[in-house]
There are 2 protein chains.
Amino acid sequence: MSQLDAVIRQSRRLKRGEYLFRSGESFKSLYAVRTGVFKTSVASQDGREQVTGFLMSGELMGLDGISSNVHGCDAIALEDSEVCELPFGRMEGLSREIPSLQHHFYRLMSREIVRDQNVMLLLGNMKAEERLAAFLLNLSQRLASRGFAANDFILRMSREEIGSFLGLKLETVSRTLSKFQQQGWLVVDHKHIQLIKPEELKALIAGCAHAHGV
Amino acid sequence: MSQLDAVIRQSRRLKRGEYLFRSGESFKSLYAVRTGVFKTSVASQDGREQVTGFLMSGELMGLDGISSNVHGCDAIALEDSEVCELPFGRMEGLSREIPSLQHHFYRLMSREIVRDQNVMLLLGNMKAEERLAAFLLNLSQRLASRGFAANDFILRMSREEIGSFLGLKLETVSRTLSKFQQQGWLVVDHKHIQLIKPEELKALIAGCAHAHGV
DNA sequence: AAATAAGCTTGACTCTTATCAAAGCAGGGA
DNA sequence: TCCCTGCTTTGATAAGAGTCAAGCTTATTT
């Protein structure tokens, strides 16, 4: 484990808006978020952007680079942030010596695949209200598991970025937030969200959530 | 390598419509398609189905089960098929002894993540015509790489399954195929597809394809 | 502090795709 | 072979989300 420590000690700070890596750059390391928030996104040739995730502390970026030795997405800090760099070659070597580390990596990658499948379910089957409810509840749950308030938080991303992640336009995100507020389910003050009746949001996605657990 | 052979020799045959595994079942093995075609799908509580992939020979199913030891999707044969079972525990052990196998596994899982990101791009940003064009070209390319004809093939899945994968209703799939046929880009005869002008389909998705290669 | 830019909200209108419905076709089983 | 069932096609209509536009708030720059 001290070997592991030696490898991951290096960390890097980024300012808001700064790129951690870009699609097409050569892949050398994975990055774990230490503090702050990131978005990852893939861009099409004509400039359309698909945000593929919003990452917070403890979450890993760059797994998509392993297959081709080239990063497959952009990773951008949404606020001043800090990451640990994990040189993949060394991690791979270590994981041969430490079975539990190897197993941990397999599980991490598998978890990312499960997460992606859930996003597909969201993008393929849900309506705008369901998507936004699912998004807010997911955020809430992840904040709560990190010791932050579950029902009172600041959005680190713009309406446009939320829309890109959810397959919606920014106007639709804005309108849907307003609708939730009118119904008394939450209070929106720009980036500040207070969930008043999270159970109503949960009811909204009860049917369309994945059938077997989280 | 003979050790590897010993592990993967076991194979299993399935009839059309048969489940290879179901979401919620305990995870023990990965499965590689040997012959035939499978679909994987996740279901929501109210019965909505999202097809997450169509798999052909050489492709791997079950990676999403590693994270939780429980399968996260259903896998169903779309025609009489054969798979190799790869007991994951043994593969994990072997991969510690054979570095190239370990690396291969990391790459496989990463490739699945990249594939999922591209599906997100499709579901989040593309219009019906673009989705279907991307789907047909992807199928064509994968068939070609297996030695089959690139521009003349049989769809193994129904319009409804295609629609589920692409986030469209079956009627939209049918209409869009008809439109392509009217334009002389392809010929549809039920499940039989002949691509006449694949370059037109490529032109349709030129803008919305991923910016940095495959 | 004023000026400017960026992001957000809301309204009016349009367009794509979903929904509902009916009819056609094809393959499998008796 | 014939019938039945399931899949597909096509049309008419409706609903959801997108587009365009204007005004407003907040943040940044000078």
Side-chain angles (χ1 to χ4, degrees), chain A residues 15-18 39 46-51 76 78-80 122-136 154-183 186-193 204 208, chain B residues 15-18 39 46-51 76 78-80 122-136 154-183 186-193 204 208:
Chain A
K15 291 234 162 58
R16 183 152 81 92
E18 205 176 333
K39 72 168 177 181
D46 58 2
R48 284 183 256 185
E49 180 191 45
Q50 174 71 33
V51 171
I76 300 160
L78 295 180
E79 59 180 8
D80 294 357
L122 180 144
L123 291 172
N125 280 304
M126 296 193 196
K127 297 200 184 306
E129 291 187 14
E130 296 169 335
R131 294 183 196 194
L132 196 62
F135 170 73
L136 292 170
I154 305 292
L155 296 174
R156 254 59 232 218
M157 63 297 284
S158 69
R159 302 288 190 266
E160 187 166 20
E161 288 164 333
I162 296 171
S164 171
F165 181 59
L166 298 177
L168 301 170
K169 294 294 165 185
L170 70 97
E171 294 95 330
T172 304
V173 173
S174 179
R175 269 186 252 273
T176 307
L177 280 174
S178 298
K179 186 185 283 185
F180 285 166
Q181 180 164 238
Q182 274 170 19
Q183 288 172 291
L186 48 72
V187 176
V188 188
D189 178 30
H190 306 103
K191 305 255 180 195
H192 181 191
I193 302 284
L204 195 57
C208 52
Chain B
K15 290 233 162 58
R16 182 151 81 93
E18 204 176 333
K39 71 168 177 181
D46 58 2
R48 283 183 257 185
E49 180 191 45
Q50 174 71 33
V51 171
I76 301 161
L78 295 180
E79 58 180 7
D80 294 359
L122 181 144
L123 291 172
N125 279 303
M126 296 192 196
K127 295 201 183 306
E129 291 188 16
E130 297 169 334
R131 294 183 196 193
L132 197 62
F135 170 73
L136 292 171
I154 305 293
L155 296 174
R156 254 60 229 219
M157 63 296 285
S158 69
R159 302 288 190 265
E160 186 166 21
E161 288 163 332
I162 296 172
S164 171
F165 180 59
L166 297 177
L168 301 171
K169 293 297 167 184
L170 68 98
E171 293 95 330
T172 303
V173 174
S174 179
R175 269 186 251 272
T176 306
L177 280 174
S178 297
K179 187 186 281 184
F180 286 166
Q181 181 165 238
Q182 275 170 18
Q183 288 173 290
L186 48 72
V187 176
V188 189
D189 178 29
H190 305 104
K191 305 255 180 195
H192 181 192
I193 303 285
L204 195 57
C208 52

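Lettering follows sequence order; numbering is per chain, from 1.
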Could you go through A:L136 and A:L177, starting from their C-alpha distance and side-chain angles, then the distance that decides it, and tell me whether this counts as side-chain contact (heavy atoms from CB on, under 4.5 Å)? CA-CA 10 Å; A:L136 292 170; A:L177 280 174; 4.2 Å; yes

Taking NE2 from B:H192 and C1' from C:dG27, how many angstroms apart are they, rounded to a whole number? 18 Å

Start with the C-alpha gap between B:F180 and B:L204, add the side-chain angles, then the distance that decides, and say whether side-chain contact (heavy atoms from CB on, under 4.5 Å) holds. CA-CA 11 Å; B:F180 286 166; B:L204 195 57; 3.9 Å; yes

Using a heavy-atom cut-off of under 4.0 Å over every strand shown, decide if A:K191 touches base, sugar-phosphate, or nothing. sugar-phosphate

Please work out if B:G163 contacts a base, only the sugar-phosphate, or nothing of the nucleic acid, heavy-atom cut-off 4.0 Å. nothing

Could you state the atom-to-atom distance from NZ of A:K179 to C1' of C:dT10 in whole Å? 14 Å

Presence of salt bridge, B:K191 and B:E79, under 4.0 angstrom: no

Could you check how far CZ of B:R175 sits from C1' of C:dA18, rounded to whole Å? 9 Å

Using the side chain to side chain contact (heavy atoms under 4.5 Å, CB included) definition, which of the options A:L78, A:V188, A:I193 pairs with A:L155? A:I193

Where chain A begins and ends its contact with DNA chain D, read 5' to 3' at 4.0 Å from heavy atoms: D:dA17 to D:dT28

Using a cut-off of less than 4.0 Å, is there contact between a side-chain N or O of A:S178 and OP1 or OP2 of C:dT10? yes

Mind listing the residues from residues 127-135 of chain B sitting with a heavy atom below 4.0 Å of DNA chain D? Number order is fine. none

Is the backbone N or O of B:E160 less than 3.5 Å from a side-chain atom of B:S164, with the two atoms forming a donor-acceptor pair by type? no

What is the distance, to the nearest angstrom, from the CG atom on B:L170 to the C1' atom on C:dC20? 12 Å

5' priority, DNA chain D, between A:L168 and B:Q182 [closest heavy atom]: B:Q182

Assign A:L177 to base, sugar-phosphate, or nothing according to its heavy-atom contacts below 4.0 angstrom with the strands shown. nothing

Between C:dG27 atom C1' and B:R156 atom CZ, what is the distance in whole Å? 15 Å

What is the distance, rounded to the nearest whole Å, between atom NZ of B:K169 and atom P of C:dA21? 16 Å

For B:T172 and A:T172, find the nucleotide of DNA chain D closest to each by heavy atoms; which residue's nucleotide sits nearer the 5' end? B:T172

Between B:E160 (CD) and C:dA18 (P), how many Å, whole number? 13 Å

Go through the steps for A:R131 and A:T176 under the test side-chain contact (heavy atoms from CB on, under 4.5 Å), then give the verdict. CA-CA 10 Å; A:R131 294 183 196 194; A:T176 307; over 6 Å; no

What does A:R16 touch in the nucleic acid at a heavy-atom separation under 4.0 angstrom: a base, only the sugar-phosphate, or nothing? sugar-phosphate

Side-chain donor/acceptor of A:D80 to backbone N/O of A:R16, under 3.5 Å: yes

Spatial distance of atom CZ (A:R48) from atom CE (B:M126) [nearest 0.5 Å]: 7.0 Å

Nearest-0.5 Å distance, OG1 of residue A:T172 to CG of residue A:L132: 10.5 Å

Whole-Å distance separating the CZ atom of A:F180 from the C1' atom of C:dT10: 17 Å

Candidate pair B:E171 and B:K169, rule side-chain contact (heavy atoms from CB on, under 4.5 Å), full reasoning: CA-CA 5 Å; B:E171 293 95 330; B:K169 293 297 167 184; 3.6 Å; yes

